[in-house]
A.B. asks: 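Below is a structure I'd like to ask you about.
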Amino acid sequence: MSDLRELYQEVILDHSKHPRNSRALPAANHHADGHNPLCGDRLKLYVQVDNGVISDIGFTGAGCAISTASASMMTEALKGKTIAEAEATFQRFHHMLTGAPDEQPPEEEVEALGKLGAFAGVREFPVRVKCATLAWHTLQAALKDQPAPASTE
Amino acid sequence: MTTTTPSRPSRQTPKPFRFDAAAIRRDFPLLQQQMRGKPLAYLDNAATSQKPQAVIAAIARYYNSLNANIHRGVYELSADATEAYEKARSKAAQFIGAYDPREIIFVRGATEAINLVASSWGFISIKPGDEIIVSALEHHSNIVPWQMVCQRQGAVLKVIPMNDAGELDLDAYAKLLNYRTRMVAVTHISNALGTINDVERITTMAHDAGAKVLIDGAQSVPHLAVDVKALGCDFFVFSGHKVFGPTGIGVLWARAQLLEAMPPYQGGGDMIASVTFEKTTYNVIPAKFEAGTPHIAGAIALASAFDYVNNIGFDAIAAQERDLLDYATQELSRVSGLKILGTAAHKAAVISFNLDGVHPHDVGTILDGEGVAVRTGHHCCQPVMDRLNVPATVRASFAFYNTRDDVDRLVAALGRVKEVFG
Ligand SMILES: Cc1ncc(COP(=O)(O)O)c(C=O)c1O
């Protein structure tokens, strides 16, 4: 059960129940759809990029607690960041989630992620990693202006 | 549990209801296992069933003492393997009330069986403008192959709608049927909601319109005695792994005249009578549809699953599952914020539900932490989810080896979900 508390941390539950930046930005200059076929989660991400900086970001869509919280916390973390910083954050986030489940991720890495470090517990639940990374994969698709929906498959 | 070889009528003879759940559970090694440090409450039987020791032993026995390719060797071992494989075919015929073992085609599972029919029968039978009817309750495997046929051959796919309870609307079905209808392909029991369809009536109505009928029996053969003659259908398909047999083996049953008229599905060894580079003549049924070396061990082990099930008897199975369905429905209805999806009057022991404010995927993870295995998601039935306006459900599906204790574990674990999600 302690694992479950690790997975469903307060901050994650809070963001899943009260997602931030959960709104469409129809005028944004980048957007993409994300889809996790396993659980049916669908997400639409809107990103306004000005001079290489994410000046606004929002999302719509329904999903499980992990994917909703991840989208919410990602938008919070990335607003005002450069594309390069966003990319580096994603790499760190991805690395934290996909290490061997029985190994702890390096502490400084989790710390560098700030609030996003709350997702470290997902590592123990390999089937849920896709939920936590859906928003991030969708972000990549949006920034690359990929026409096809980002899929976790 | 020892297995006996029942003679054909024995499964029709009602046995007195004696059910020793503890003894039955001991026949299933996997049920003795723990999950996440807790005893396993396995409630995902609609996805696949666990295997009794008799089935596992049959696989080992085949590879230990009988392994040889079939229909080929002149030596004794090959002849014995062939005999065991063909005996499995006869048992499959008996199991679903078919007279003629030649009408049994061994395939990989329900999916391959439907694809075989759609492809082979569809090729000679579907013309532009023809119509194929499926139902709103179908598994993707009984939708997509027909869509492919429609696309390829210019036919039109029609769908029998369902009501909010998950029951098919047979009045609407009557209106869909017409002289252009060639095929009605429906599931016997819905894997997502548990609805038992009135397939006898659906079949009669289709036949009155001159259409053929395929029944997807993937969810019915583990739970009720199927008699294809009584159903009156033309094609019946199921998967071995859902009826306590191995994965990778399944059955297509079809009337002999239909199979004889149908072109082969795959070409290769065993399905031919003679081959030259100019011309090949095909083998007779069933070999015509079994190109290549089949899953011999799978077929033989599936036959021992039939023996196992027959030995318990469908009357006992039905009574046990009825009790589980009633008890689980009652207990789950008491959980606040829980909504059962699929409330058909005629239902198998499958309960789909959602918990207010908690996504099914999160419910599934927390139940897993409590040793309770359920399926969450769309259950390969996205149209059912769309119709009910939910992205996914949690599904508990039962087999005769489940107990009221499994239900209690499920309900207690749902309490944990509420603790976590407040
Ligand atoms: C109703 C129904 N039809 C068909 C299938 C497909 O079976 P298989 O994947 O074994 O081919 C399933 C399996 O989930 C099912 O429940």
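Since the model is a prediction, treat every value here as computed from it, not as a measurement. Here is the naming used below: chain letters follow the sequence lines, and residue numbers restart at 1 for every chain.
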A.B. asks: Holding to salt bridge (charged side-chain N to carboxylate O under 4.0 Å, His left out), I want the full list of residues that pass it with Lys44(A), two or more places apart in sequence or in another chain.
C.D. replies: Asp33(A)
A.B. asks: Measuring from Tyr8(A):OH to Ile366(B):CD1, what's the distance to the nearest 0.5 Å?
C.D. replies: 4.5 Å
A.B. asks: May I ask you to name which of Asp368(B), Thr365(B), Val363(B), Thr376(B) has the most heavy-atom pairs under 4.5 Å with chain A?
C.D. replies: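 The candidate making the most pairs under 4.5 Å is Thr365(B).
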A.B. asks: Please tell me whether Asp41(A) and His361(B) have a donor and an acceptor in their side chains that are separated by less than 3.5 angstrom.
C.D. replies: no
A.B. asks: Are more than 12 heavy atoms from other residues, nucleotides or ligands located less than 6.0 Å from atom CZ of Arg108(B)?
C.D. replies: no
A.B. asks: Tell me whether the count of non-hydrogen atoms from other residues, nucleotides or ligands lying under 6.0 Å of NZ in Lys418(B) goes above 12.
C.D. replies: yes
A.B. asks: Applying the side-chain contact (heavy atoms from CB on, under 4.5 Å) criterion to Asp362(B), which one of Thr68(A), Leu7(A), Leu13(A), Ile66(A) satisfies it?
C.D. replies: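 The single option meeting the side-chain contact (heavy atoms from CB on, under 4.5 Å) with Asp362(B) is Ile66(A).
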A.B. asks: Can you name the residues of residues 75-89 of chain A that have some heavy atom under 4.5 Å away from a heavy atom in chain B?
C.D. replies: none
A.B. asks: For Lys17(A) and Phe421(B), indicate whether the former's side chain and the latter's backbone hold a donor-acceptor pair under 3.5 Å.
C.D. replies: yes
A.B. asks: So does Asp405(B) have more than 12 non-hydrogen atoms from other groups sitting under 6.0 Å from CG?
C.D. replies: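 Enclosed: over 12 neighbouring heavy atoms sit under 6.0 Å from CG of Asp405(B).
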A.B. asks: Is it true that, when you exclude Glu107(A) itself, more than 12 heavy atoms of the residues, nucleotides or ligands shown sit nearer than 6.0 Å to its CD?
C.D. replies: no
A.B. asks: Which pair of heavy atoms, one from Glu419(B) and one from Arg5(A), lies closest together, and at what distance?
C.D. replies: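 Heavy atoms only, the tightest pair is O-NH2, 4.0 Å.
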A.B. asks: Above 12 or not: heavy atoms from other molecules or residues under 6.0 Å from CD of Gln34(B)?
C.D. replies: yes
A.B. asks: More than 12 heavy atoms of other residues, nucleotides or ligands under 6.0 Å from NE2 of His378(B): yes or no?
C.D. replies: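 Yes, NE2 of His378(B) has more than 12 neighbouring heavy atoms, counting only those of other groups under 6.0 Å.
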A.B. asks: Return yes when atom CG of Asp164(B) has more than 12 non-hydrogen atoms of other residues, nucleotides or ligands closer than 6.0 Å, and no otherwise.
C.D. replies: no
